[in-house]
Amino acid sequence: MAEYDPQTIEAKWQKVWEERRAFEADPDPAQRKYYVLEMLPYPSGTLHMGHMRNYTIGDAVARYKRMRGFNVLHPMGWDAFGLPAENAAIERGIHPREWTLANIAEFKRVCYRFGFSYDWRSEISTCEPEYYRWNQWFFLRMLERDLAYRKRSRLNWCPKCCTVLANEQVVDGCCWRHPDTPVEAKEIEQWFLRITRYSDELLDDMAQLEAGWPERVLVMQQNWIGKSRGARVRFGVAGNAAQGIEVFTTRIDTVYGATAIILAPEHPLVDGLVAGVPEHAEIAAQIARMRQKVLRPADLGTAEKEGIFLRRHAVNPFSGEKLPIWVGNFVLMEYGAGAVMCVPAHDQRDFEFCRKYGLPIRVVVQNPAGTLDAKTMQEAYDQHQEGKLVDSGAYTGLSVARAIERMAADAKARGFGEAQTTYRLKDWGISRQRYWGTPIPVMYCDRCGLVPVPDEQLPVVLPPGVKLTGQGQSPLASVPEFVNVKCAKCGGPARRETDTMDTFVDSSWYFYRYTDPHNAKAPFDREIVRYWFPIDQYIGGIVHAILHLLYSRFFCKVMRDLGLVNHAEPVTRLFCQGTVLMGGTAMSKSSGNVVGAIDMAEKVGCDTARLYTLFAAPPEKDMEWSEQSVEGCSRFLQRMFRIVTRHAERLRGVAVGNPASANAATASAKEKILLRKAHQTLRRVTQDFEARWHFNTSVALIMELVNELQAQEPLEQNARPAVVKEVIELMALMLAPMAPHIAEELWEMLGHSGGLGRARWPDYQPQLAAEEQVEVVIQVNGRVRGKILVEAGLPEDELAKRAQADARIAQVVAGRRIVKCIVVPDKLVNLVVESL
RNA sequence: GCGGAAGUGGCGGAACUGGCAGACGCGCAGGACUUAGGAUCCUGUGGCCGCAAGGCCGUGGGGGUUCAACUCCCUCCUUCCGCACCA
């Protein structure tokens with residue numbers, strides 16, 4: 001008898017699929033569409049099983065949806081620009097393109113070897129001019145709409161990457177790619193995309209995503225945008241009527257309780273304020289020291305608050321009171337106004353600060369009990385809801401909410417402030433001082449200034465022969481043929497921009513390009529996109545919760561404003577799969593705990609590897625890879641193959657479908673057991689695919705079904721061929737999304753030609769799944785004391801009677817009075833009896 | 001500090017809406033077939049007591065609601081993740 005040989009079977013079916021173009025999908029209004037997408041991979045080095053989990057989940061869903069009759073778009077492509085390629089190229093003395101293309105070829109080989117059902121016609125590579133010219137095109141559109149601008153500012157510089165990073169790429173004060181390398185502050189002129197223009201929309205549209213996105217992703221994005229409503233208030237400077245200090249506060253109602261003004265160390269007014277004071281030299285030195293002391297962000301929350309009194313005073317515009325001006329290490333220049341009013345009674349940070357430096361504490365919001373006392377309070381009283389204002393001039397007696405409203409309005413009327421909303425979100429810095437990325441399509445002309453490259457001159461192609469040093473200057477600057485260009489406006493000499501774009505620009509819109517990958521006139525055809533979008537199911541790691549997913553949402557909104565798409569959100573449902581661990585840590589090349597994808601395919605076959613990936617844990621959870629446990633899945637497929645092989649011969653010509661099912665009434669007891677098990681399995685596996693996505697239980701259920709088949713051996717004696725065939729077919733069909741090659745092989749062995757491509761997901765038949773007899777548990781006082789087998793659907797009183805009639809139960813009850821009898825039909829009877 | 005998720009046998013994990021805790025798989029033990037078995041098949045496998053029938057205990061700890069709690073409520077502990085001087 002032929003043994004299960006995954007190598008042969010898998011190669012055979014991969015070839016068949018390819019020849020039949022089994023996974024190609026085009027827009028077809030007559031069909032329901034389903035766009036399922038796994039996050040675009042960065043093609044680097046070898047692929048391990050950690051990578052494969054993402055694609056295995058996506059492929060199972062894609063195949064299931066096809067069997068459900070959907071027109072399924074399931075594309076794949078390459079996030080091909082980026083630093084690792086450039087660094088690897090420098091190390092090896094080759095061109096980044098060479099390294100990248102080799103990796104793509106390898107990635108593709110692995111995808112093919114795993115039988116993933118991609119439509120390869122959609123394949124894109126972001127490093128090809130055909131693709132990145134549209135990055136440039138989008139950039140120019142943004143430039144036209146003032147969504148792209150150039151600004152000199154303090155930026156995050158990674159000394160290892162030798163480039164600046166976006167705020168989103170800084171994790172715990174370190175480079176996201178180099179967790180041990182703190183970013184440095186560097187003043188550089190660079191390009192920004194004005195994502196902040198969409199702050200409110202990015203926040204508000206999350207309401208549309210609540211149903212389909214993981215809550216934690218939405219929470220992370222919400223935190224990142226960090227909207228805060230408050231007011232800007234201008235305090236005067238004593239002795240200088242012309243000067244003012246602006247502060248941002250969310251609690252303008254507490255302004256009468258302010259006992260100091262605190263500036264960030266870098267605040268531009270600081271130097272001027274201390275210039276004339278007697279102890280000038282000493283104070284300036286202290287400030288210089290504070291400025292130099294860079295705190296690691298992780299320590300910020302716990303660091304000791306420090307302040308320096310500037311020997312100058314501000315004037316509270318509401319009360320006219322003079323307040324000392326301080327510099328404080330806990331005030332951030334980047335947020336709000338870079339200055340705060342210090343209200344110790346109602347802000348915990350201010351409370352600590354004033355305690356340390358002996359500044360007065362003054363209660364201006366009293367609690368409902370009226371017990372707050374500045375002399376005795378141990379912490380700030382910062383309740384927004386319940387307090388009433390006291391000692392606050394004309395505002396005394398107002399509620400906090402009312403006071404905030406009225407005081408902001410008054411500040412505006414009197415010209416020293418107004419309501420203001422601030423955000424934590426900053427504009428997206430996209431310039432990178434590296435080579436392997438999209439050239440930014442602008443030039444600088446001495447006469448005309450900044451000149452955008454005209455559309456018809458796109459793409460600005462990355463020149464091939466560039467010396468890569470990794471030394472932190474844009475490599476493109478050293479290529480005169482690239483840099484020197486004729487001004488597009490005046491024809492005079494001009495210089496090209498030599499920075500390239502952050503690769504997150506590439507991945508912000510790639511899923512649109514998949515639908516129309518070779519369009520030379522536009523980034524994509526609007527009608528095609530209208531058919532496929534929004535993406536029905538996006539699958540990827542939680543790492544991209546902010547970065548990629550926020551940028552993509554931003555791009556989508558820009559594209560909508562450009563009239564390119566008619567939706568505001570690109571992704572309806574998002575699924576974040578868990579990490580694959582090995583020995584408790586994430587599988588990764590740098591940790592040295594990888595299980596190679598190709599190695600697995602060669603050793604046990606990709607069907608086994610895929611099945612195990614789905615079986616070992618629910619997909620959203622982290623899973624531990626265990627070579628030993630993989631064996632279990634391998635054995636399962638072998639067993640299944642053997643059972644089918646044993647019976648294929650006599651089943652091949654048998655007609656299936658309705659005959660067997662329709663005959664269920666006349667089926668033997670053993671046949672009924674098989675059919676019942678099969679349809680119960682089908683019901684639950686279908687549920688798993690539709691609702692829960694718990695493929696681990698789906699696999700377990702199919703294993704149980706195979707166990708049942710085995711238990712009914714010899715099958716030829718226990719069931720008619722039509723019944724056996726129906727059960728085996730159901731089994732093969734249910735397995736098809738998860739282990740597609742063996743499923744095809746079994747399907748063919750059963751006598752089907754044409755492959756599973758035409759097979760539909762079977763409908764489960766409730767009457768076949770229904771149990772005729774059920775085991776009912778009998779409890780006495782909540783403890784299981786017996787079990788009886790009864791016909792399904794017995795009425796409650798009958799069930800209660802039978803339970804009490806049971807000999808063993810009668811013995812346990814032993815004449816005690818039954819106080820209560822709880823019956824759960826078809827499940828359980830609980831007799832509550834008097835205690836002895 | 002704030003917010004979120006989770007804690008179940010030796011291990012990965014099941015238990016859908018409060019109704020038999022431990023499905024399925026790994027591992028382990030015993031057996032069958034075999035020259036052989038790291039192949040295959042069968043049986044057993046939460047702990048304790050017992051020859052057995054059976055009994056008691058058991059889902060991080062403690063308390064509660066209920067005829068009945070892994071599931072609901074309170075409280076504490078642990079782990080992981082996110083945010084963190086955001087004014």
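Atoms considered below: every heavy atom in the structure, side chains included; atoms not considered: hydrogens, waters and symmetry mates. Each chain gets a letter, A, B and so on, in the order its sequence line appears, and its residues count up from 1.
Here A:Arg646 pairs with A:Glu713 in a salt bridge; the nearest charged N to carboxylate O distance falls below 4.0 Å. One finds a salt bridge joining A:Arg676 and A:Glu771 here, because a Lys/Arg side-chain nitrogen approaches an Asp/Glu carboxylate oxygen to under 4.0 Å. In summary, A:Asp347 and A:Arg349 engage in a salt bridge, as defined by a charged side-chain N under 4.0 Å from a carboxylate O.
A:Arg216 has its CZ atom 11 Å from the P atom of B:rC81, to the nearest Å. When rounded to the nearest whole Å, the span between NZ of A:Lys820 and P of B:rA68 equals 9 Å. Atom CG in A:Asp622 sits about 14 Å away from atom C1' in B:rG13, given to the nearest Å. We find that NE2 of A:His694 is positioned 7 Å from P of B:rA14, with the value rounded to whole Å. In this structure, A:Glu775 places its CD atom 15 Å from P of B:rA23, rounding to the nearest Å. Taking atom CD1 of A:Ile542 as the reference point, atom C1' of B:rC80 lies 13 Å away to the nearest angstrom. Rounded to an integer number of Å, the gap from CD of A:Gln222 to C1' of B:rG3 is 11 Å. The separation between A:Phe636 atom CZ and B:rC41 atom P is 13 Å, rounded to whole Å.
Comparing A:Arg785 and A:Arg349 by the nucleotide of RNA chain B whose heavy atom lies nearest to each, the residue mapping closer to the 5' end is A:Arg785. Judged by closest nucleotide on RNA chain B, A:Lys621 is the one of A:Lys621 and A:Cys633 placed further toward the 5' end.
Distances were taken from every side-chain heavy atom of A:Pro618 (C-beta onward) to each of B:rA87, B:rA14, B:rC83; the shortest belongs to B:rA14. Comparing B:rC26, B:rU40, B:rG12 by their closest approach to the side chain of A:Phe615 singles out B:rG12. Considering only side-chain atoms of A:Ile822, the nucleotide from B:rC67, B:rC86, B:rG13 that sits closest is B:rC67. Considering only the side chain of A:Gln638, B:rU40 comes nearest among B:rU40, B:rC67, B:rC83. In the set B:rC41, B:rC24, B:rA15, B:rC41 carries the atom at the smallest distance from any side-chain atom of A:Arg642. Here the side chain of A:Ser629 is nearest to one of B:rC26, B:rC67, B:rC86, namely B:rC26. Picking from B:rC20, B:rG19, B:rC86 the nucleotide with the shortest atom distance to the side chain of A:Lys787 gives B:rC20. With distances taken from any side-chain atom of A:Thr249 to the nucleotides B:rG27, B:rA87, B:rG55, the minimum falls on B:rA87. The side chain of A:Asn696 approaches B:rA14 more closely than any other nucleotide in the set B:rA14, B:rA23, B:rA87. Distances were taken from every side-chain heavy atom of A:Ala700 (C-beta onward) to each of B:rA87, B:rC20, B:rC24; the shortest belongs to B:rC24.
Taking atom P on both nucleotides, B:rG58 is separated from B:rC70 by 10 Å, rounded to a whole Å. Only the C1' atoms considered, B:rG22 is 25 Å distant from B:rC77, to the nearest whole Å. Taking the C1' atoms as reference points, B:rU71 lies 27 Å from B:rU45, given to the whole Å. Rounded to a whole angstrom, the distance from the C1' atom of B:rU59 to that of B:rG4 is 22 Å. Nucleotides B:rG38 and B:rG30 have their P atoms positioned 12 Å apart, rounded to a whole Å. Atom P of B:rC83 sits at a distance of 27 Å from the matching atom of B:rA14, rounded to the whole Å. B:rU8 sits 10 Å from B:rA15 when the C1' atoms are compared, rounded to a whole Å. B:rC16 and B:rA21 have their P atoms separated by 14 Å, given to the nearest Å.
Closest non-hydrogen pair, A:Met703 versus A:Cys633, comes out as CE-SG, 4.4 Å.
The side chain of A:Gln710 contributes an N or O atom lying less than 4.0 Å from OP1 or OP2 of B:rC41. Applying the 4.0 Å criterion to OP1 and OP2 of B:rC86, one finds that A:Asn223 has every side-chain N and O outside that range. Close to B:rG27, at under 4.0 Å from its OP1 or OP2, lies a side-chain N or O of A:Arg635. The side chain of A:Lys827 places no N or O atom within less than 4.0 Å of a non-bridging phosphate oxygen (OP1 or OP2) of B:rG19. Between B:rA15 and A:Arg692, a contact under 4.0 Å exists linking OP1 or OP2 to a side-chain N or O. Proximity of A:Ser228 to the phosphate of B:rA87: a side-chain N or O atom is located under 4.0 Å from OP1 or OP2. For A:Arg783 and B:rC56, the shortest distance from a side-chain N or O to OP1 or OP2 is below 4.0 Å.
Counting non-hydrogen atoms under 4.0 angstrom, A:Val630 reaches nothing in the nucleic acid. Using a 4.0 Å heavy-atom distance criterion, A:Glu631 is classed as making no nucleic acid contact. Within the 4.0 angstrom heavy-atom criterion, base atoms lie near A:Val824. Within the 4.0 angstrom heavy-atom criterion, only backbone atoms of the sugar-phosphate kind lie near A:Arg808; the bases stay farther away.
When both distances must be under 3.5 Å, the Watson-Crick or G-U wobble mate of B:rC70 does not exist. When both pairing distances are held under 3.5 Å, B:rC2 makes a Watson-Crick or G-U pair with B:rG82. Pair check for B:rC28 finds B:rG44; Watson-Crick or G-U wobble, both atom distances under 3.5 Å. In this structure B:rG7 sits in a base pair with B:rC77, meeting the Watson-Crick or G-U test at under 3.5 Å. Of the nucleotides present, none pairs with B:rA52 by Watson-Crick or G-U wobble criteria with both distances under 3.5 Å. Partner assigned to B:rA36 is none, using Watson-Crick or G-U wobble distances below 3.5 angstrom.
No side-chain donor-acceptor contact under 3.5 Å links A:Arg53 and A:Gln577. Using modelled atom types and a 3.5 Å distance limit, the side chains of A:Asn316 and A:Tyr256 yield no donor-acceptor pair.
At a cut-off of 3.5 angstrom, the base of B:rC11 holds no donor-acceptor pair with the side chain of A:Glu624. Looking at A:Lys305, its side chain comes within 3.5 Å of the base of B:rC85 through a donor and an acceptor atom. Remark: the A:Asn830 side chain and the B:rC67 base include a donor-acceptor N/O pair separated by less than 3.5 Å.
At most 12 heavy atoms of other shown residues, nucleotides or ligands fall within 6.0 angstrom of atom CZ in A:Arg684.
In this structure, A:Tyr4 and A:Phe641 have tilted ring planes: the angle between them lies in the 30° to 60° band.
Applying the 90° cutoff around 0 to the glycosidic angle, B:rG25 is assigned anti.
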- Show your working on side-chain contact (heavy atoms from CB on, under 4.5 Å) between A:Phe416 and A:Phe235 and close with a plain yes or no. CA-CA 8 Å; A:Phe416 55 75; A:Phe235 282 67; over 6 Å; no
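Annotation: cation-pi geometry not satisfied between A:Lys305 and A:Phe353 (NZ/CZ under 6.0 angstrom from ring centroid, within 45° of ring axis).
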